[in-house]
Peer 1: 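Could you have a look at this structure, given as structure tokens, before my questions?
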Amino acid sequence: MAGCRGSVCCCCRWCCCCGERESRTPEELTILGETQEEEDEILPRKDYESLDYDRCINDPYLEVLETMDNKKGRRYEAVKWMVVFAIGVCTGLVGLFVDFSVRLFTQLKFGVVQTSVEECSQKGCLALSLLELLGFNLTFVFLASLLVLIEPVAAGSGIPEIKCYLNGVKVPGIVRLRTLLCKVFGVLFSVSGGLFVGKEGPMIHSGAVVGAGLPQFQSISLRKIQFNFPYFRSDRDKRDFVSAGAAAGVAAAFGAPIGGTLFSLEEGSSFWNQGLTWKVLFCSMSATFTLNFFRSGIQFGSWGSFQLPGLLNFGEFKCSDSDKKCHLWTAMDLGFFVVMGVIGGLLGATFNCLNKRLAKYRMRNVHPKPKLVRVLESLLVSLVTTVVVFVASMVLGECRQMSSTSQTGNGSFQLQVTSEDVNSTIKAFFCPNDTYNDMATLFFNSQESAILQLFHQDGTFSPVTLALFFILYFLLACWTFGTSVPSGLFVPSLLCGAAFGRLVANVLKSYIGLGHLYSGTFALIGAAAFLGGVVRMTISLTVILIESTNEITYGLPIMVTLMVAKWTGDLFNKGIYDVHIGLRGVPLLEWETDVEMDKLRASDIMEPNLTYVYPHTRIQSLVSILRTTVHHAFPVVTENRGNEKEFMKGNQLISNNIKFKKSSILTRAGEQRKRGQSMKSYPSSELRNVCDEHVASEEPAEKEDLLQQMLERRYTPYPNLYPDQSPSEDWTMEERFRPLTFHGLVLRSQLVTLLVRGVCYSESQSSASQPRLSYAEMAEDYPRYPDIHDLDLTLLNPRMIVDVTPYMNPSPFTVSPNTHVSQVFNLFRTMGLRHLPVVNAVGEIVGIITRHNLTNEFLQARLRQHYQTL
């Protein structure tokens with residue numbers, strides 16, 4: 001591999017790299033500012049924060065609970081149901097607008113170009129037709145790229161970002177109104193521009209943005225439009241509505257409300273309950289029937305008939321009445337479906353590997369350059385795609401005989417489109433009467449029409465045409481996904497897989513003699529196999545495809561195919577969405593940890609270097625803490641002077657019950673002094689250094705002096721930090737790890753709000769004289785609280801004192817230092833936590849665990865350290 005250098009050895013086939021380098025853990029490399037080789041995996045970044053899904057049970061919240069009765073509770077629940085219904089309706093209307101606009105632009109483009117081709121085929125001016133097609137496509141793609149420049153988060157499908165959000169990660173700008181507008185208009189331009197992208201993936205993102213913004217009744221993009229809506233002012237409610245919006249997006253895209261609900265559950269949401277399930281399903285139903293009502297009325301003129309449930313309709317699969325031996329599928333076909341699942345998994349793994357390489361290349365060579373380069377790349381992709389489509393349709397196609405049923409459309413096909421639409425999707429470029437150009441029929445149509453042709457067209461497609469179409473479409477779709485345009489991957493994967501499945505059916509019919517096979521079934525199974533191999537979804541994708549086909553008998557073959565495709569693909573790499581999440585460095589939490597991670601305890605993964613506040617702290621200390629740290633929560637503690645002497649002697653262990661030999665202490669102490677000069681922080685292992693008095697060893701004099709100094713300094717009185725001083729990087733290790741009694745957790749946003757509103761009291765007064773803020777006042781600035789660096793605090797007296805106890809959470813979830821990692825992980829992910837304090841048996845906080853301490857990369861590094869200490 002060209003990008004691998006030095007002692008790094010690479011496996012080019014599946015992007016595997018191994019290297020011999022200095023043995024530093026990933027978090028040490030991150031802290032030291034060192035980067036790994038270009039071809040190594042990207043580590044989770046520290047600038048992603050978790051959502052506050054856990055409730056803060058402080059005094060203002062308790063005051064709200066005191067005023068709450070059954071009547072107000074029912075009113076709150078009724079408002080939530082109405083908001084969920086509104087989210088579904090709005091998502092359906094967004095899908096209607098996208099579908100109508102794409103149809104309008106696509107019909108205009110293909111109508112003009114097809115007329116030109118028919119005229120120029122006789123006059124010999126096909127180059128003019130190609131220029132017309134290029135003019136349409138390049139204009140549309142250019143507009144889509146410009147919208148992404150306005151809001152870069154609108155690029156791609158948005159599913160990786162929404163998956164992260166449902167997992168509990170706050171991705172900046174992902175649910176803003178400007179993102180929604182750029183995504184909606186961008187995707188209709190990119191699809192109309194002939195790129196091999198779909199509009200179904202962006203529909204999921206659009207629904208999530210609607211779910212996040214609609215309950216707030218305000219937007220940062222429209223600052224002047226605000227309503228006094230007192231409900232749903234927390235990350236907890238917002239995340240539930242995002243789950244409902246994402247499910248509504250799936251339901252509107254595929255007409256699959258149950259599949260949308262399962263998608264929201266399977267692909268991210270860590271916290272789930274029965275009430276949320278009902279609301280999400282109701283939202284999905286609302287989106288499906290809203291879109292169905294308007295599409296059926298506009299397209300067929302029969303309002304209330306509900307004939308078009310989603311943006312992508314597969315139609316009803318049904319054998320011809322004249323073929324008595326035809327069956328949709330038989331038990332013998334399951335063997336072929338399993339083989340197709342294996343091939344689909346391999347093709348999906350290859351697609352993901354190639355796309356990952358392209359994404360890394362873009363990150364290194366395209367994204368650092370001026371934004372105009374991204375637009376030029378999108379235009380280059382559009383140019384190549386347009387030329388390939390035009391040339392392949394004119395040169396590589398074969399003239400195939402048109403069957404009688406294909407001219408009028410079989411009965412199942414007529415349920416979805418009229419006979420006029422069927423005839424319009426068959427292209428007869430350069431072919432005589434009663435024949436059609438099979439390549440042009442696939443390339444010179446919208447992707448949805450091409451899928452329907454492969455699923456339901458009784459006329460045959462040449463195996464050579466299908467193979468060429470699959471190869472060209474595979475490569476161009478892989479190149480397109482990741483460019484700076486809004487783009488979905490569902491429809492391109494379905495079309496690519498349908499061509500593969502139809503190719504298998506043609507081979508089995510022509511060369512093996514299995515004439516009873518129904519080609520549409522194999523096209524559907526091929527689409528499921530390839531899509532499953534790319535995205536690695538199982539439960540939700542099975543239900544989505546069953547609902548889209550409206551044929552429950554396909555449940556078993558679809559499920560078997562998707563399972564086999566996922567298992568095969570997982571042997572080589574992750575799904576495409578997980579690949580792009582990893583490239584962004586998002587600290588995503590999987591469903592569970594590996595079994596071997598239970599060798600670690602909470603004390604092995606926690607962050608012991610704490611920055612904390614006292615219950616009563618001066619303003620100057622709070623401002624100093626907020627301006628010198630980036631933490632989003634701070635433990636509220638008091639010094640435990642009673643345990644100080646015992647702690648310094650090592651008789652009472654604050655961190656855990658593991659003891660190290662004296663030689664281990666000296667070695668780690670020397671390493672600590674070396675690392676402290678560059679990082680000004682202390683590793684978690686230093687907290688575990690407790691002298692074993694029963695083991696003696698001889699060490700060099702320099703290390704003995706260092707140990708003696710450390711032990712002597714333990715008896716030095718602590719500086720008086722209450723409440724005049726704030727924690728400092730200049731503290732010694734003993735000052736950092738003093739015994740601290742844990743009282744609660746206070747958020748950065750809460751401290752900033754207290755400072756902004758001047759909530760404090762003077763030394764000559766009692767803390768009871770401090771002003772009290774209500775729950776509504778504390779949440780007024782949600783979700784964008786002021787930045788401490790942007791505030792003018794000159795009017796505040798720095799000697800004033802802030803009592804944080806009424807606003808802290810006195811009862812957050814906590815774990816013991818000896819808790820196994822699997823228990824810590826399950827508690828953190830299931831309850832949607834942001835911070836998890838580690839508290840010992842006597843109520844002293846010894847560390848804190850965040851999302852970054854539970855990522856797979858961090859746990860693997862800690863496990864390697866664990867093996868080294870054995």
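Atom set for the values below is all heavy atoms of this structure, side chains included, hydrogens, waters and symmetry mates excluded. We count residues from 1, following the sequence as given.
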Peer 1: Does some side-chain heavy atom of Tyr473 sit less than 4.5 Å from a side-chain heavy atom of Phe443?
Peer 2: yes
Peer 1: So Glu448 and Arg103, salt bridge (Lys or Arg N to Asp or Glu O under 4.0 Å) or not? Walk me through it.
Peer 2: CA-CA 11 Å; Glu448 291 80 4; Arg103 283 178 178 271; over 6 Å; no
Peer 1: Could you tell me whether Glu377 and Lys369 make a salt bridge, using a distance below 4.0 angstrom between a side-chain N and a carboxylate O?
Peer 2: no
Peer 1: Does the side chain of Cys353 come within less than 4.5 Å of Arg357's, by heavy atoms?
Peer 2: yes
Peer 1: Side chains of Leu495 and Phe469, heavy atoms from C-beta outward: is any pair under 4.5 Å?
Peer 2: yes
Peer 1: Heavy-atom distance under 4.5 Å between the side chains of Val535 and Ser493, does that happen here?
Peer 2: no
Peer 1: So, Ser101 side chain and Phe97 main chain: donor-acceptor pair closer than 3.5 Å or not?
Peer 2: yes
Peer 1: Check each of Phe481, Phe530, Phe254 against Phe490 using the ring-ring contact (aromatic ring centres under 6.0 Å, His included) test, and report the only one that passes.
Peer 2: Phe254
Peer 1: Do Asn355 and Val579 have side chains that approach each other closer than 4.5 Å (heavy atoms only, starting at C-beta)?
Peer 2: no
Peer 1: Using a strict threshold of under 4.0 Å (side-chain N to carboxylate O), is an ion pair present between Asp99 and Arg295?
Peer 2: yes
Peer 1: With a 3.5 Å distance limit and no angle check, can you tell me whether Ser296 reaches the backbone of Phe293 through a side-chain donor-acceptor pair?
Peer 2: no
Peer 1: If I compare all heavy atoms of Leu383 with all of Leu138, which pair ends up nearest, and what's the gap?
Peer 2: N-CD2, 4.0 Å
Peer 1: So, Lys109 side chain and Asn137 main chain: donor-acceptor pair closer than 3.5 Å or not?
Peer 2: no
Peer 1: With ring pair (Phe, Tyr, Trp, His ring centres under 6.0 Å) as the rule and sequence neighbours excluded, what pairs involving residues 107-148 come up?
Peer 2: Phe105-Phe140, Phe110-Phe444
Peer 1: For the residue pair Leu143 and Leu147, establish whether any side-chain heavy-atom pair is separated by less than 4.5 Å.
Peer 2: no
Peer 1: Do Glu132 and Ser116 meet the criterion of a side-chain donor-acceptor pair at a distance under 3.5 Å?
Peer 2: yes
Peer 1: Donor-acceptor pairs are to be reported for all side-chain atoms of residues 149-159 against protein atoms at under 3.5 Å, with residues two or more places apart or in another chain.
Peer 2:
residue	atom	partner	partner atom	Å
Glu151	OE1	Arg178	NE	3.1
Glu151	OE1	Arg178	NH2	3.3
Ser157	OG	Ile159	N	3.3

Peer 1: Looking only at atom types and distance, does a side-chain atom of Thr261 sit under 3.5 Å from a main-chain N or O of Pro257, one as donor and one as acceptor?
Peer 2: yes
Peer 1: Please tell me if the side chains of Trp479 and Leu380 come closer than 4.5 Å, counting only heavy atoms from C-beta onward.
Peer 2: yes
Peer 1: Does Thr465 use its side chain to pair, donor to acceptor, with the backbone of Phe461 at less than 3.5 Å?
Peer 2: no
Peer 1: Decide yes or no for Ile174 and His205: does some side-chain heavy atom of the first lie under 4.5 Å from some side-chain heavy atom of the second?
Peer 2: yes
Peer 1: Do the side-chain N and O atoms of Ser449 and Ser446 include a donor-acceptor pair separated by under 3.5 angstrom?
Peer 2: yes
